[in-house]
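Accompanying notes for the structure given below.
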Protein chains: 2
Amino acid sequence: MAIEEQPFKQLQHYLNSITPIAHKDFKKSRAYFKPTTLQKGEIWIDFHTVCREIAFINRGLLKTSYYDEKGREITSCFCTSNSMASSFKSFLTQRPSQLVIQALEETSLLTIRREKLHELFRKIPIWERLFRIIMEKEYEKLWDYTEGMKTELAKERYQKLLDEQPEVIQKAPVQDIATYLGITRETLSRIRKKTP
Amino acid sequence: MAIEEQPFKQLQHYLNSITPIAHKDFKKSRAYFKPTTLQKGEIWIDFHTVCREIAFINRGLLKTSYYDEKGREITSCFCTSNSMASSFKSFLTQRPSQLVIQALEETSLLTIRREKLHELFRKIPIWERLFRIIMEKEYEKLWDYTEGMKTELAKERYQKLLDEQPEVIQKAPVQDIATYLGITRETLSRIRKKTP
DNA sequence: CAAAGTATTTGACCTATGTCACATAATCCT
DNA sequence: AGGATTATGTGACATAGGTCAAATACTTTG
C-alpha cells in the first residue's frame with residue numbers, strides 16, 4: 001500500500017523534529033493513528049461536544065473558532081500541515097469544547113483517540129516526552145500570539161501571519177483572518193491593499 | 001512550630017481545590033517545599049537565567065515581565081496569593097528565561113525545585129495529576145487573557161482585572177498594569193478617572 | 001447559465017487609544 | 001527634612017482601527 005505510506009513518513013519526520021524517535025518505536029506507533037479525510041466545510045470537532053481525539057495534519061487547513069459574548073464568531077487558530085490540532089482544553093479535561101474546528105479545504109489527518117494516546121504513553125515511553133513537548137509548543141505559540149496582540153499593530157500581526165502561515169492568507173476567508181488578527185474585515189481589507 | 005504551619009495549610013487547601021489529595025500524601029509532600037520570603041523589589045527569577053523552581057504564593061504580589069523588540073518593559077502576568085508562579089516555559093524546557101519575576105511587595109512563597117517535583121511525581125503519584133491540572137489551568141488562563149485582548153475594550157479588560165485580582169489594582173504601579181492590559185499609562189489613567 | 005446568496009472592497013465618518021509635553025504628586029536618599 | 005528622582009495625571013492633538021452603508025465581486029445552486 002504505497003499510497004498509505006506517505007502520511008506516516010510525514011508524521012515520523014515531524015516527530016523526529018521534536019525529539020528523536022527510534023525506528024522500531026515509530027513502527028509500533030503507526031497502528032495507533034487512523035488516516036481520515038475532511039471535506040471542505042466539514043466540521044471535525046463541534047461546539048459543546050467532548051473532543052476525544054487529536055490529529056496530525058498531513059495537508060489542508062483547519063479553522064478553530066468560538067463565539068464571544070456578543071455572539072460574534074472569532075477565529076482563535078489556523079492549523080496547517082505538519083502540526084498537531086485539537087480542541088486542546090477539551091481533549092485534556094474531557095469537558096465540552098467551546099471551540100469548533102472546521103476544514104477550510106479538503107484536509108488529510110492522522111487522528112488518535114485519547115485512550116490510544118494513553119496506551120502509547122504506557123507502551124512506548126518516548127511518547128510521554130513527545131506529547132509533553134507538543135503541549136509546551138502549544139503554550140509557547142499561544143504566548144507569542146498573545147504578546148503580539150498587545151504590542152504589535154494590526155499590520156505587523158498580518159505580516160507575521162503572512163511570513164509564518166502564508167497558506168492561511170491565500171486560502172482562508174478574509175472574515176476569518178480578520179477575527180484571528182483581532183480586527184474587522186474592513187480593516188484587513190485596507191491593510192492588504194497597502195501590503196501586496 | 002505553629003508559625004510555620006499556616007503556609008502549608010494554605011497549600012493543602014489550594015491543592016485540594018484542584019483534586020483531592022489524601023492527608024498522608026500531603027504530609028509526605030510538605031518536606032519538598034521550602035518557605036521563602038522575597039522583599040519588595042527583589043527579583044526572584046531573572047532574565048536569561050534558567051528557572052529551576054516553581055512556587056506557591058502564600059501572600060504578596062509578583063510581576064512577570066519581559067522586554068519587547070522596541071525595548072519597552074511589558075508585564076505579562078501578575079501572580080497573587082493562592083496560585084502557582086514560575087517562568088513556566090523556562091521551567092519546563094530548562095532554557096533561559098525571557099521573563100523577569102519580581103516582587104512588588106514583600107511576598108511569602110513555598111518553592112519547590114524541579115528535581116524535587118519529579119521526585120514527587122515518582123513517589124506520590126497524585127502529583128502527576130495535580131501538576132497536569134495546574135498546567136492546564138495556566139493554559140486556560142493564558143487563553144482567556146488572549147481572547148480578552150482581541151475582543152474586549154481596554155475598559156472591559158480593566159474591569160475584569162479589578163474583579164479578578166483587585167489587589168493588583170491597589171498595589172501595582174500604573175505603568176505595569178497598563179502594559180499588562182496592552183495600553184499606555186495615560187489611557188489607563190483616563191479609564192480610572194471614569195471607573196472609581 | 002442566470003438569479004440569488006454570500007463575501008469582499010470602498011468611502012465617509014466616528015471613537016478608542018496613542019503621543020508628546022508639561023504639571024503634579026509620591027518616593028527615595030543622604 | 002528637603003532636594004532629587006520617579007511615578008502619575010492632564011490637556012491638545014494625532015492616528016489606528018471601528019462602524020455603517022453602499023458597491024463590487026465571487027459562489028452556489030436551480
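- Looking at which nucleotide of DNA chain D each of A:A154 and A:R185 is closest to, the 5′-most match is held by A:A154.
- Distances were taken from every side-chain heavy atom of A:I183 (C-beta onward) to each of D:dG18, C:dG11, C:dG18; the shortest belongs to D:dG18.
- Within the structure, a side-chain polar atom (N or O) of B:T184 is placed less than 4.0 Å from OP1 or OP2 of C:dG18.
- Mapping B:K40 and A:P173 onto DNA chain C via the closest heavy atom, the residue that lands nearer the 5' end is A:P173.
- Summarising the geometry, the separation between NZ on A:K70 and C1' on D:dT19 is reported as 14 Å, rounded to the nearest angstrom.
- If you find the closest nucleotide of DNA chain D to A:L188 and to B:Q175, the one lying nearer the 5' end belongs to B:Q175.
- Look at A:S189 and you won't find any side-chain N or O under 4.0 angstrom from OP1 or OP2 of C:dT8.
- Between the CD atom of B:E186 and the P atom of D:dA7 there is a distance of 14 Å, rounded to whole Å.
- Nucleotide D:dG17 holds its C1' atom 10 Å from the NZ atom of A:K194, rounded to whole Å.
- Atom CZ of B:R72 is separated from atom C1' of C:dG18 by 11 Å (rounded to the nearest Å).
- Using a 3.5 Å distance cut-off with no hydrogens or angles, the side chains of B:S97 and B:S90 do not pair a donor with an acceptor.
- Ranking D:dA21, D:dA16, C:dT8 by closeness to the A:L153 side chain, first place goes to D:dA16.
- Put simply, CG on A:L104 is 12 Å from P on C:dA7, counting in whole angstrom units.
- A:E53 places no side-chain N or O within 3.5 Å of a backbone atom of A:I112 that could act as its donor or acceptor partner.
- Close to C:dT10, at under 4.0 Å from its OP1 or OP2, lies a side-chain N or O of A:K193.
- Under a cutoff of 6.0 Å and an axis angle of 45°, B:K63 and B:F78 do not form a cation-pi pair.
- As a whole-Å value, the separation of A:K150 NZ from C:dT17 P is 15 Å.
- For the pair B:R192 CZ and C:dA16 C1', the interatomic distance rounds to 19 Å; values are reported in whole Å.
- B:G182 comes within contact range of the sugar-phosphate backbone alone, with a heavy-atom separation under 4.0 Å but no base atom that close.
- A side-chain donor-acceptor contact under 3.5 Å links A:S108 and A:R59.
- The distance from atom CG of A:D176 to atom C1' of C:dA7 is 11 Å, rounded to the nearest whole Å.
- Counting only distance, with no hydrogens or angles, the side chain of A:D68 and the backbone of A:G71 share a donor-acceptor pair below 3.5 Å.
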